[in-house]
Amino acid sequence: ARFERTLASMIREHGYDARRTAQYCGNTGDASDVIGLPFVHIEAKHQENMRLYDWMEQAKRDSKGTEKMPVVFHKKNNAEVLVTMRFDDFMTMYKEFEAGQYLKGKED
């Protein structure tokens, strides 16, 4: 729960209205651990032993039937937060980023 709160705070620092969900007690239909990033299903893990493929499977399963991209935000003690996503999802996001950079260059 602490990492989920920390992650929500980190996302809020970037201007999004993020918060930990109440899914742990069945109070919401959203199975994300943290909500507030549009189109992203967040699976948050703070563990020393990384099981990324298991966590991604959980994120994919929990986001099934939604328009949300399954993403795992993870960290271990004394380490920075990392983000794991599927290759095709990354390429989709990167193409949008690249297009934005191209448009930004045209404005200058």
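These numbers were taken from a predicted model, which means no experiment stands behind them.
The structure places OG1 of Thr21 at 6.0 Å from CG of Asp33, a figure rounded to the nearest 0.5 Å. Atom-to-atom distance recorded for Ser32:OG and Arg20:CZ is 13.0 Å, nearest 0.5 angstrom. Taken from CD1 in Ile42 to CG in Asp62, the straight-line distance is 13.0 Å, to the nearest 0.5 Å. Interatomic distance, Thr6 OG1 to Phe73 CZ, rounded to the nearest 0.5 Å: 13.5 Å. Between atom CD1 of residue Ile11 and atom CD1 of residue Ile35 there is a gap of 10.5 Å, rounded to the nearest 0.5 Å. If you take CD on Glu98 and NZ on Lys104, they are separated by 14.0 Å, rounding to the nearest 0.5 Å.
Within the 4.5 Å cutoff, side-chain heavy atoms of Met85 are placed close to those of Phe90.
Under the side-chain contact (heavy atoms from CB on, under 4.5 Å) test applied with His41, the options Glu67, Lys68, Lys64 reduce to a single match, Lys68.
The pair Lys45-Glu43 counts as a salt bridge, with a side-chain nitrogen and a carboxylate oxygen less than 4.0 angstrom apart. Salt-bridge annotation for Glu57 and Lys60: present, with a side-chain N of the basic residue lying under 4.0 Å from a carboxylate O of the acidic one.
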* side-chain contact (heavy atoms from CB on, under 4.5 Å) assessment of Glu80 paired with Leu82 -> CA-CA 6 Å; Glu80 64 186 323; Leu82 299 178; 4.0 Å; yes
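The 12-atom threshold is not exceeded at OH of Tyr16, counting heavy atoms of other residues, nucleotides or ligands nearer than 6.0 Å. Within a 6.0 Å sphere centred on CE of Met50, heavy atoms belonging to other residues, nucleotides or ligands number more than 12.
The closest side-chain donor-acceptor pair between His74 and Thr84 falls under 3.5 angstrom.
Smallest separation of non-hydrogen atoms from Ala44 and Leu7: CB-CD2, 3.9 Å. The nearest pair of heavy atoms linking Lys76 to Gln47 is CB-O, 3.4 Å. Residue Ser63 comes nearest to Pro70 through the heavy atom pair OG-CB, 3.7 Å, listed as atom of the first residue, atom of the second, then distance. Between Val71 and Ala59 the shortest heavy-atom distance is N-CB, 4.4 Å.
The hydrophobic cluster containing Val83 does not contain Trp55, counting ILVMFWY residues as joined when their side-chain heavy atoms lie under 4.5 angstrom apart, directly or transitively. Note on Phe87 and Met56: separate hydrophobic clusters, where clusters join Ile, Leu, Val, Met, Phe, Trp and Tyr whose side-chain heavy atoms are under 4.5 Å apart, directly or indirectly.
Remark: the backbone N or O of Asn77 is paired with a side-chain donor or acceptor of Glu48 at under 3.5 angstrom. Of the possible donor and acceptor atoms, one in the side chain of Arg12 sits under 3.5 Å from a partner among the backbone N and O of Ala18.
Aromatic ring pairs are classed by plane angle as parallel below 30°, tilted from 30° to 60° and perpendicular above 60°; the pair Tyr94 and Phe97 is tilted.
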